[in-house]
K.L.:
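Take a look at the following structure, please.
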There are 2 protein chains.
Amino acid sequence: MTPASARPPGRPRAGIDAVVFAATLKTVHDLGYAGATMDRIAAAAGVAKTTIYRRWPSKGALIADCLVDALGPVPVRGADRAEDMAAAIRWIAAKIGEPGVGAAFAGVFVDAVSDPGLREVLSTRLQDPYRRALEEAWGEPEHRVLFFIDVVVGTLLHRMGMTGEPMVEADVNALIAMVGLHFI
Amino acid sequence: MTPASARPPGRPRAGIDAVVFAATLKTVHDLGYAGATMDRIAAAAGVAKTTIYRRWPSKGALIADCLVDALGPVPVRGADRAEDMAAAIRWIAAKIGEPGVGAAFAGVFVDAVSDPGLREVLSTRLQDPYRRALEEAWGEPEHRVLFFIDVVVGTLLHRMGMTGEPMVEADVNALIAMVGLHFI
DNA sequence: CCTTTTCGCTACCATCGGTATCGAAACTGA
DNA sequence: TCAGTTTCGATACCGATGGTAGCGAAAAGG
């Protein structure tokens, strides 16, 4: 039980996280999510692959933390909830336009569909922090779909004219597919 | 050079395409795109993997043809172009809500980012047919981005309020990410 | 200088997309 | 009935990828 301020001895690990994050985004931007091999990310960061796996348990966890680092805190003020929602949409749209972020998002979510462990990782490292931020800004949470994730997608669907009904998986899949078509 | 009506001898191949298509969609729906292994698809279809690879050169080509088969022809009438566009959006939204289709779309497009060969496959088997259908319905093609693919995504972005500017990669990535968030 | 922790390197495993090979099945035509 | 032709199924295999194990070396504190 060492004091919290005491730094343990051993080889320094200073700055490695930031270097790996930058290398990850650059590699994903250059080669796509599937092309961003862990070996290539490690090479781009000038770091051994084992070092990455000592800090993140999987590629998905690395991507999730990398996205949190790239996005930063959601800019909520807490005054007007509707205004906050609109601001959040503009915020994530701008952030995700940065090199590599969009491709990283799409890739990790596609993998998450067939990997329950990855879904839990994403929930813990991506969804929960932003959910907490909105809870603190907006007060106590409602039990219906009013968190950030749902707000963004729900607003998107509402603006598309698919409103009236609660959001269903079909709508989300439709959106993904329509957007994905442009990658052709 | 046999006559067109003459069926070549040998073991029958009747109905295998349809069986494989159905098994592909079901497997993708149940296990996701990454979880839909070629071995699993073959097993679900009751067919040897080599048989699938004798008919489709790659997993991407199988998915592309499977999607074309699942979508069917785009319902264009050619009278009012704006009306056709709106109908096309509703059409693809409904079609892609069917089991497995949305996940197949998202997965194959994510892979296509880092695979030029797959991009060409998708262009040939997915984009070109629908582009031709719209050319025939709307007359001669315009050289600007007025084909179906562009129309769907462009209209989507327009309705989101991101209009005014030409569509850029950042917007598309932002959409993918926003939608993907809901998969958590 | 000694201990402790982390880093890098190599080797390795399981899985997946894709290929090669070969015997068996099934249809056509005589 | 019986070739001849073509496809199907099974197995074995290859390269790449995510992920792990083990070990020696580097760098920090004490």
Side-chain angles (χ1 to χ4, degrees), chain A residues 1-17 19-20 23-24 27-28 31-64 104 107-108 110-112 114-118 121, chain B residues 1-20 23-24 27-28 31-64 66 104 107-108 110-112 114-118 121:
Chain A
M1 197 102 121
T2 57
S5 59
R7 195 193 165 285
R11 191 169 179 177
R13 60 183 184 184
I16 285 199
D17 283 39
V19 171
V20 173
T24 301
T27 308
V28 170
L31 306 172
Y33 182 81
T37 301
M38 293 299 272
D39 292 270
R40 277 201 263 253
I41 291 175
V47 159
K49 186 172 68 166
T50 48
T51 298
I52 296 183
Y53 275 104
R54 236 175 258 118
R55 289 160 177 265
W56 293 275
S58 66
K59 178 177 178 178
L62 169 63
I63 297 287
V108 77
V110 166
D111 274 3
S114 49
D115 187 343
L118 179 54
V121 165
Chain B
M1 199 102 120
T2 58
S5 60
R7 196 192 164 287
R11 192 169 179 177
R13 59 183 183 184
I16 284 199
D17 284 38
V19 171
V20 173
T24 300
T27 307
V28 171
L31 307 172
Y33 182 81
T37 302
M38 293 298 273
D39 293 270
R40 277 200 262 253
I41 291 174
V47 161
K49 188 172 69 166
T50 47
T51 298
I52 297 183
Y53 275 104
R54 232 175 261 117
R55 289 159 177 264
W56 294 275
S58 65
K59 178 177 178 177
L62 168 63
I63 297 288
C66 184
V108 76
V110 165
D111 273 4
S114 48
D115 187 343
L118 178 54
V121 165

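Any value given below was found using the heavy atoms of this structure, including those in side chains, with hydrogens, waters and symmetry copies removed. A note on names: the letters A, B, ... follow the listed sequences, proteins ahead of strands, and every chain is numbered from 1.
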K.L.:
Under 4.0 Å from any atom of DNA chain C, heavy atoms only: list the residues of residues 47-56 of chain B that qualify, in numerical order.
P.N.:
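Residues of residues 47-56 of chain B under 4.0 Å from DNA chain C: B:Lys49, B:Thr50, B:Tyr53.
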
K.L.:
Just do the side-chain contact (heavy atoms from CB on, under 4.5 Å) check on B:Val110 and B:Tyr33 with the steps written out, would you?
P.N.:
CA-CA 10 Å; B:Val110 165; B:Tyr33 182 81; over 6 Å; no

K.L.:
Return the minimal non-hydrogen interatomic distance between B:Val19 and B:Ala45, and the atom names on each side.
P.N.:
CG1-O, 3.4 Å

K.L.:
Do A:Thr37 side-chain atoms and A:Arg40 backbone N/O form a donor-acceptor pair below 3.5 Å?
P.N.:
no

K.L.:
Return the minimal non-hydrogen interatomic distance between A:Gly32 and B:Ser114, and the atom names on each side.
P.N.:
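Scanning both residues, the minimum pair turns out to be CA-CB, 4.2 Å.
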
K.L.:
Would you kindly give the NZ-to-P distance between B:Lys59 and D:dA16, to the nearest whole Å?
P.N.:
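So the two atoms are 19 Å apart, to the nearest Å.
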
K.L.:
Measure the distance from CD1 on B:Ile41 to C1' on C:dC16 and round it to the nearest whole Å.
P.N.:
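In whole Å, C:dC16 C1' and B:Ile41 CD1 are 12 Å from each other.
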
K.L.:
If I take atom CG in residue A:Asp111 and atom C1' in nucleotide D:dG19, what distance separates them, rounded to the nearest angstrom?
P.N.:
14 Å

K.L.:
Roughly how many Å is it from CZ in B:Arg11 to P in D:dC8, rounded to a whole number?
P.N.:
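Rounded to whole Å, this separation is 7 Å.
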
K.L.:
Nearest nucleotide by nearest heavy atom, which residue falls closer to the 5' end of DNA chain D, A:Thr37 or B:Ile16?
P.N.:
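Of the two residues, B:Ile16 wins.
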
K.L.:
Could I get the full list of side chain to side chain contact (heavy atoms under 4.5 Å, CB included) partners for B:Ile52, not counting sequence neighbours?
P.N.:
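Partners of B:Ile52 under the side chain to side chain contact (heavy atoms under 4.5 Å, CB included) test: B:Val20, B:Met38, B:Ile41, B:Ala42, B:Val47, B:Trp56, B:Leu62.
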
K.L.:
Who pairs with A:Arg55 by salt bridge (charged side-chain N to carboxylate O under 4.0 Å, His left out), at least two apart in sequence or on another chain?
P.N.:
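Listed in chain order: A:Asp17.
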
K.L.:
What is the distance, rounded to the nearest whole Å, between atom CG of B:Asp115 and atom C1' of C:dC16?
P.N.:
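Spelled out: CG on B:Asp115 to C1' on C:dC16 is 15 Å.
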
K.L.:
Separation of B:Arg40 atom CZ from C:dT15 atom P, in whole Å?
P.N.:
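Roughly 10 Å, once rounded to whole Å.
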
K.L.:
Atom OH of A:Tyr33 and atom P of D:dA16: how far apart are they, to the nearest Å?
P.N.:
20 Å

K.L.:
Between B:Leu31 (CG) and C:dT15 (P), how many Å, whole number?
P.N.:
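In whole Å, C:dT15 P and B:Leu31 CG are 15 Å from each other.
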
